[in-house]
Number of protein chains: 2
Amino acid sequence: MAPTRNSKPDKAAIICQALRRAIIEQALKPGTKLPEDALGERFGASRTIARHALGQLAAEGLVELRRNRIAVVATPSWQEARDTFDIRIELERLVVRQLAGQLDAGQIARLRAHVDAEDGARGGPDTVSIRLATEFHILLAEMTESPILIRYVSEISYRCCLILATFSRPHSSDCAISEHRALIDALEAGRVDDVMNLMHHHLEAVADRALVAPAKPRGRDIMDILAPYAEPAPVAPAGQPRVRAIMR
Amino acid sequence: MAPTRNSKPDKAAIICQALRRAIIEQALKPGTKLPEDALGERFGASRTIARHALGQLAAEGLVELRRNRIAVVATPSWQEARDTFDIRIELERLVVRQLAGQLDAGQIARLRAHVDAEDGARGGPDTVSIRLATEFHILLAEMTESPILIRYVSEISYRCCLILATFSRPHSSDCAISEHRALIDALEAGRVDDVMNLMHHHLEAVADRALVAPAKPRGRDIMDILAPYAEPAPVAPAGQPRVRAIMR
DNA sequence: GGCATTCCGATTGCATGCAGTTTGGCATGA
DNA sequence: TCATGCCAAACTGCATGCAATCGGAATGCC
């Protein structure tokens with residue numbers, strides 16, 4: 001009775017997992033088409049299942065789903081990228097606020113082991129470093145044992161991977177390892193304010209290192225660029241004034 | 001060409017919308033079963049569509065989806081409720097940080113009109129007041145024009161409705177109207193720190209008013225209650241020490 | 001009477017089929 | 001050469017069908 005467990009791990013979930021990994025490791029680049037039947041066939045399932053998986057990934061923001069059109073890997077805009085990191089900072093500050101001084105020796109050891117693994121991946125492909133760094137943050141979130149926090153941090157961290165894939169220049173995000181170590185030290189010492197600030201600045205640094213504002217418009221977004229030119233006569237301030245605070 | 005618009009609003013999305021409203025207005029209480037074919041029949045669609053809609057709502061955390069079992073309206077635990085409000089506070093602080101001093105007269109007017117509507121709903125059923133109050137927050141989020149922020153705030157606000165439905169004592173959350181007005185004033189004046197603090201305390205107040213810790217265990221959660229008794233011999237500190245900071 | 005077992009209806013997991021829409025190439029004409 | 005219109009292939013939207021699984025009632029056993 002006990003050993004049965006969740007014997008059937010849900011076919012759609014498998015496809016989801018595979019696509020997620022492929023996307024965050026940039027095996028599937030933003031804009032890549034994801035036809036339902038091709039996916040289904042590849043994973044030995046029907047379109048129905050592939051469709052379901054795509055729906056989930058769309059809910060996570062990794063995939064764009066347009067009606068009657070082939071699904072594609074999402075291509076975050078630059079402004080979305082900024083907003084995403086802003087949200088991530090606040091969420092992860094919550095994480096470390098909950099964890100500071102609350103972790104037992106085993107948990108601290110697990111964290112250190114993970115960072116060592118990150119260290120070991122230096123020199124390897126960038127995508128692996130990025131994935132490992134992301135998994136460190138997710139590991140932290142999981143230690144809160146708060147389902148919502150875990151879900152949100154995971155989701156937004158994966159999205160940040162996608163963003164890095166879209167905007168980052170090559171070789172930019174491995175010096176984060178020492179910052180991860182500092183985080184662990186502060187967590188262990190239990191100084192809440194310190195660790196929250198560390199996390200804040202760590203993520204800000206990641207964002208600033210990665211998010212080089214696109215001088216030449218990267219990839220798609222062509223329609224966005226053309227939008228102002230589509231107005232017939234730009235005499236008055238065109239359209240509604242966009243109400244976005246310019247942050248940082 | 002222009003008048004076509006999105007002519008097909010997606011059947012699954014309709015079901016989603018309907019269920020969401022029903023859930024946040026407590027027409028569907030936590031724990032209510034949601035069988036696929038019953039749903040499909042009710043909305044003139046097939047099980048496939050109903051299933052898809054349930055998947056979406058599960059991704060939003062409004063529905064619980066267990067394999068081979070009937071889907072049910074989610075029943076948040078008390079700890080989840082606390083965590084959810086903590087996250088919501090940070091997200092909405094971001095919202096007002098972006099909006100302070102950036103709204104035009106029309107937007108301010110729309111906000112005031114909405115609060116007036118809330119006022120008009122006083123004395124009506126609690127569920128309507130709660131929905132209107134929630135929509136005020138979502139309206140704010142939409143004014144940021146940040147898709148991610150809008151998505152997260154909407155999602156978590158709906159979840160908070162569900163939480164209120166689960167834990168709130170009757171007659172608790174209508175005095176929020178004056179706080180909404182204060183928020184608008186501060187937004188218009190553009191004092192960022194003020195409005196962030198107002199939002200923080202407003203949401204904290206809502207949480208404190210609503211989240212009465214359940215002395216007698218409310219409804220289901222029987223398994224939770226039994227959990228400690230399931231341990232064979234509670235001699236030593238049972239299992240791993242739960243690592244949750246007790247906040248506030 | 002209390003408890004384990006068996007069996008059947010209810011319900012989900014998944015695949016397939018058909019209709020409607022979009023895409024992109026090709027032919028036609030200026 | 002370039003623009004235009006048409007058509008077939010590709011793909012999605014959705015419904016239905018079949019097998020697997022679950023929950024609960026009836027049954028048998030002590």
Inset, instruction - State whether the side chain of A:Thr32 and the backbone N or O of A:Leu28 hold a donor-acceptor pair below 3.5 Å, judged by distance alone. - result: no
Inset, instruction - Write down the distance between CZ (A:Arg66) and C1' (D:dC11), rounded to a whole number of angstrom. - result: 12 Å
Legend entry - B:Arg67 CZ to D:dA20 P, straight-line distance once rounded to whole Å: 13 Å
Legend entry - Spacing of B:Leu34 atom CG and B:Ile70 atom CD1 [to the nearest 0.5 Å]: 9.0 Å
Inset, instruction - Round to the nearest Å and state the distance from B:Leu34 atom CG to C:dA10 atom P. - result: 19 Å
Legend entry - Nearest-nucleotide 5' precedence on DNA chain C, B:Asp37 against A:Lys33: B:Asp37
Inset, instruction - Just compare C:dT16, D:dA15, C:dG24 and give me whichever is closest to any side-chain atom of B:Lys11. - result: D:dA15
Inset, instruction - Select base, sugar-phosphate, or nothing to describe what B:Arg69 touches, counting heavy atoms under 4.0 Å on all strands. - result: sugar-phosphate
Legend entry - Any donor-acceptor N or O pair under 3.5 Å, side chains A:Arg20, A:Gln17: yes
Legend entry - Polar contact flag, side-chain donor to acceptor under 3.5 angstrom, A:Glu92-A:His137: yes
Inset, instruction - May I ask you to decide whether B:Glu155 forms a salt bridge with B:Arg159, counting only side-chain N to carboxylate O separations under 4.0 Å? - result: no
Inset, instruction - Let me know, please, whether B:Thr48 or B:Glu36 comes out on the 5' side of the other along DNA chain C by nearest nucleotide. - result: B:Glu36
Legend entry - Distance in angstrom units between B:Asn68 CG and D:dG23 P, rounded: 9 Å
Inset, instruction - Report the distance from atom CZ of B:Arg47 to atom P of D:dG17, rounded to the nearest whole Å. - result: 11 Å
Legend entry - DNA chain C contacts among residues 50-64 of chain A, heavy-atom distance under 4.0 Å: none
Inset, instruction - Please report, rounded to the nearest Å, how far the P atom of C:dA10 is from the CD atom of B:Glu41. - result: 14 Å
Inset, instruction - Please list all pairs passing the ring pair (Phe, Tyr, Trp, His ring centres under 6.0 Å) test where one or both residues lie in residues 141-161 of chain A, with sequence neighbours left out. - result: A:Tyr152-B:Tyr152
Inset, instruction - Measure up the A:His114 and A:Phe136 rings against each other and bin them: parallel (under 30°), tilted (30 to 60°), perpendicular (over 60°). - result: tilted
Legend entry - Whole-Å gap separating P (D:dG13) and CG (A:Leu65): 7 Å
Inset, instruction - Round to the nearest Å and state the distance from A:Ile49 atom CD1 to D:dG13 atom P. - result: 15 Å
